[in-house]
Amino acid sequence: MKQHRMGYTRRKQLAGIAFITPWLIGCVYFLVIPLMKSLYYSFGKVKVVLGGLEWTPVGFDNYIRLFVQDEEALPNLVSSLGSMAMSLPVIVVFSLMIAMVLNRKFRGRTVVRVIFFLPVIIASSVALGLLESDSVSDMYLSGSMGGMSVQSTQLTNLLMNMGISEGIVTAISGFTSDIFSLAWKSGIQILLFLAGLQTIPPQTYEAAKIEGATAWQSFWKITVPQLTPITLLILVYTMIDSFTDYANPYIILLLETIRNINIGYASALAWVYFAVISIVLGAVFFLAREKKPVSEEVRR
Amino acid sequence: MKHKEKLNKMGKSLSKKLTGLLLAVLVGCLAFILLYPVLYMVTIAIRPSEQLYNPASIWIPRELTLENFTECIDTMKYWQSMGNTLSICVVSAVLSVCSCMLAGYGFGRCTIPCKNVLFAFVILSIMVPPQVIILPQYLQMSSFDFFGLGTLWGMITGEKAAVNLLDTNWSFYLPAMLCHGIRGGLYIFIFRQFFSGMPKELEESAYIDGAGSFRTFFRVILPNATPAMVTVTLFSIVWNWNDYYYSTMFLSTRMTVSSALLQLKSMLSVQYGYVAISDPYTVLTQVQAGCLLLIGPLIILFVVLQKHFVESIERTGLVG
C-alpha cells in the first residue's frame with residue numbers, strides 16, 4: 001500500500017516536471033545564461049570588437065562607481081521606488097472598479113470594452129512615440145501629451161473664470177490629468193481583472209442574493225476572495241511595469257548607458273536594480289503567503 | 001402599510017437608476033479620454049496636408065482624402081510587412097500560449113521539487129528589461145548551437161554545429177516555443193494564477209476516475225481555462241504585433257508593420273526630398289495614417305475576440 005502511494009507521488013512529480021520542461025530549457029538558455037554573462041560583464045570593462053566582445057577585469061569598480069561616484073543612480077532609484085509605492089494602490093483599486101463596471105450588462109458594452117482596450121494596443125506601440133513627438137497634437141489636446149498626461153487648460157480657465165480660488169483649481173486639474181494617465185496605465189490590469197471576474201460563476205452571486213446578502217457583502221465575501229490570485233498577479237505586474245516603464249528615471253539612466261555602449265557599467269546598474277526589485281517582490285510574496293491560507297493549500 | 005412599501009421600492013429603483021447614471025457618466029468621460037488620441041489620428045489622417053493649418057476646421061476637415069493611406073501603404077510596403085508580421089505574430093502567439101499554459105499549470109497545480117525557487121525565475125524573466133540581455137541573446141541567435149549540443153558535437157568531431165537564426169522567423173519561434181517569447185514570463189504567471197484559483201474538486205474527481213495528469217489537464221482543466229486563454233492570446237498577439245525592438249534587432253532584411261512605421265518618417269523624407277526635413281508637418285498626415293494602419297487590425301481583432309469574454313460566463317457553469 002505504502003509502496004503504491006510512493007509511486008503515485010513520484011509519478012505526479014514527474015508529470016509536474018514534464019509540464020515545465022519546455023520552460024526550464026528556455027529559462028536556462030534564454031535567461032540564465034544571458035544574465036550570467038551580464039553579471040560577468042558587470043565586473044569588467046567591455047569593448048565591442050570585430051567578431052565579439054573584449055573583456056578586461058576591473059573588480060568592483062563598476063559597483064563602486066554606482067554607489068559612490070554616480071550622483072544620479074541612487075536618487076533615481078529612490079524616486080522610482082517612491083513613485084511605484086504611490087501609484088500601486090491607486091492603479092489596483094481603479095482597475096478593479098472599472099473591470100467591475102465593464103463586467104455588468106449594459107447597452108453599448110462592446111464599444112466601451114474596445115475603447116478600454118485601446119491603451120493596451122497604443123501604449124506598447126510605435127504609434128505612441130509618434131503621437132508624443134507630434135507637435136500639432138498639442139493644439140488638439142490643448143496641453144501637453146508628454147507622458148500621456150493632459151493638462152486640461154480649458155477646464156482650468158473655465159474654473160478660474162467662475163471665480164474659484166487657484167488652489168482648488170490646481171487640485172482639480174491635477175486630478176483630471178492624474179485620471180488620464182491612470183486610465184492609460186491600467187489597460188492590462190483592467191483586462192486581467194475582467195478575465196478574473198469572468199471565472200466567478202454567476203450562480204454564486206445568485207445564491208448569496210437569495211440568502212439575503214447585500215451587494216457590498218457579496219463583494220467582500222465572494223468577489224474579493226475569488227480574485228485573490230489575480231490580485232497578487234496584478235500587484236506584481238504593476239510593480240514591475242512601473243519599474244520597467246520608460247519614463248522611470250533609473251531605467252532612462254540604464255538605457256542611456258547601454259546606448260553609449262558602456263556595457264560593463266550598464267550591467268552593474270541592471271544588477272543593482274534586480275537586487276532591489278527582488279527584495280520588494282520577495283516581501284510581497286511573503287506577505288501574500290502569510291495572509292492567505294488558500295494559496296497555501298494550492299501550493300501543496 | 002402597502003403604500004410605504006411601494007414608496008420604499010420606488011426609492012430603491014430611483015437610487016439604482018442614479019448609480020447607473022453616475023457610472024455611465026464616469027465610463028463615458030474615461031472612454032472619451034482614451035478615445036482622444038485615436039480621434040486625433042483619424043481627423044489628421046483623412047485630410048490633405050494643406051488643410052493641416054486651416055483654423056476653420058479643427059476636428060472635421062473641409063476636404064476628405066484617402067490619399068494619405070494609399071501613399072502610406074506604398075511607402076511602408078504595407079501588405080508585404082503585414083505578411084511578415086502575421087507569420088511571426090500568429091505562430092509565436094500560438095506557441096507562447098501552448099507552452100506557457102503547460103508551464104502555468106505545472107507551477108499552479110503540480111508538485112515540483114524546488115517549485116518556489118523555480119518560480120522566482122519566472123518572475124525574474126518578467127523583470128529583466130530586454131535591453132539588458134539582448135547582446136548575449138543576439139550572439140546566441142547568430143550562432144545557435146542547439147542548446148550546447150552543437151558545441152558538444154564540435155568537441156567530438158572538431159567542427160562546431162551551429163546555424164544562424166538571425167533574419168529568420170525561428171529567432172521568434174524558438175523562444176516562444178520555450179516560454180521565453182515576448183513577455184512569456186507574464187503569460188506563465190497569468191495561467192498559474194488562473195489555475196490556482198480553480199476549485200480542487202475538479203481534478204480530484206478526475207483522478208478518482210483514474211485519469212492521469214495529462215488526461216486530466218486536457219479533459220478537465222483546459223475546457224475551463226477559456227478566459228485565461230483568450231486573455232493571453234490577445235496580449236501575445238498585441239505585443240508581438242507592436243514589437244519593434246526584437247524585430248529591428250533580429251531581422252535585418254525584412255520589415256514588420258511596426259518597424260516599417262518606425263522608419264516611415266525617414267522614408268517619406270527621402271521621398272519628398274529635403275523639404276520634409278525642414279518642415280516636419282508635410283509628412284504628418286501620412287504618419288498618422290500609418291499609425292492607424294498599425295493599430296487598426298488589432299482593434300478589429302479585439303472586437304472579434306471580446307465576444308469570448310462574454311460567452312465564457314455561461315460556460316463556467318461547470319465550476320462549483
Side-chain angles (χ1 to χ4, degrees), chain A residues 12-13 15-17 19-20 22-23 25-27 29-31 34-35 37-38 101 110 112-122 124-127 130-131 134 136-137 140-141 180 183 191-192 194-195 198-199 201-203 229-230 232-233 237 240 244 251 255 258 270 274 277 281 295 298, chain B residues 23 27 30-31 33-38 40 99 102-103 105-106 110-112 121 123 125-127 129 131-133 136-137 147 175 178-180 186 188-190 193 196-197 213 227-228 231 238-239 242 244 258 261-262 284 287 291 294-295 298-299 302-303 306 309 312-313 316-317 319-320:
Chain A
K12 271 199 85 171
Q13 252 185 27
I17 293 169
F19 274 116
I20 65 162
W23 169 79
I25 297 169
C27 181
Y29 200 72
F30 292 114
L31 185 73
L35 271 182
K37 278 186 183 159
S38 94
V101 173
T110 313
V112 173
R113 278 189 181 175
V114 172
I115 292 170
F116 274 83
F117 184 62
L118 284 176
V120 179
I121 296 178
I122 296 176
S124 65
S125 160
V126 182
L130 290 173
L131 210 59
D134 183 336
V136 176
S137 72
Y140 286 82
L141 302 174
F180 187 85
L191 219 58
L192 285 174
L194 198 56
Q198 301 283 320
T199 58
Q203 292 92 319
I230 301 299
L232 178 64
L233 163 71
Y237 173 76
I240 292 176
T244 50
I251 293 291
L255 295 184
I258 293 175
F274 292 150
I277 197 170
L281 289 180
S295 61
V298 172
Chain B
L23 284 178
V27 168
L30 282 172
I33 287 172
L34 296 177
L35 210 52
Y36 225 102
V38 179
Y40 170 75
S99 62
L102 290 176
Y105 181 72
C110 298
T111 15
I112 298 166
F121 278 92
I123 301 291
S125 73
I126 310 175
M127 271 161 46
Q131 290 87 348
V132 172
I133 51 171
Q137 274 183 348
F147 311 110
L178 300 171
C179 307
H180 281 76
L186 181 63
I188 297 179
F189 199 5
I190 293 174
Q193 297 310 87
S196 62
S213 293
T231 314
V238 169
W239 282 325
N242 277 341
Y244 54 92
S258 286
L261 184 62
L262 202 64
L284 190 68
V287 169
C291 288
L294 176 74
I295 64 172
L298 290 177
I299 296 177
F302 183 70
V303 173
Q306 74 88 30
F309 278 112
S312 53
I313 298 179
T316 34
V319 179

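So you know, we letter chains A, B, ... as the sequences are listed, proteins then strands, and number each from 1.
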> With sequence neighbours excluded, what pairs up with Tyr237(A) under the side chain to side chain donor-acceptor pair (under 3.5 Å) test?
Replying inline: Arg183(B)
Examine whether an atom of [X] lies under 4.5 Å from a heavy atom of chain B, and if so say whether it belongs to the side chain, the backbone or both; otherwise answer neither.
| X | result |
| --- | --- |
| Ile121(A) | both |
| Lys37(A) | side chain |
| Val112(A) | side chain |
| Leu233(A) | both |
| Val114(A) | both |

Of the listed residues ([options]), which shares the most heavy-atom pairs with chain B below a 4.5 Å separation?
| options | answer |
| --- | --- |
| Ser38(A), Ser124(A), Ala15(A) | Ser124(A) |
| Gly16(A), Pro229(A), Ala270(A) | Pro229(A) |
| Leu31(A), Leu281(A), Ile17(A), Leu255(A) | Leu31(A) |

Answer with side chain, backbone, both or neither: which region of [X] has an atom nearer than 4.5 Å to a non-hydrogen atom of chain A?
| X | result |
| --- | --- |
| Ala31(B) | both |
| Tyr244(B) | side chain |
| Leu294(B) | side chain |
| Leu261(B) | both |
| Ile190(B) | both |
| Tyr105(B) | side chain |

>> Keeping Asn242(B) on the side-chain end and Ser258(B) on the backbone end, is there a donor-acceptor pair under 3.5 Å?
In response: no
>> In terms of relative ring orientation, are Tyr29(A) and Phe147(B) parallel, tilted or perpendicular, with 30° and 60° separating the classes?
In response: perpendicular
> Excluding sequence neighbours, so at least two apart, what forms side chain to side chain contact (heavy atoms under 4.5 Å, CB included) with Ser99(B)?
Replying inline: Cys179(B)
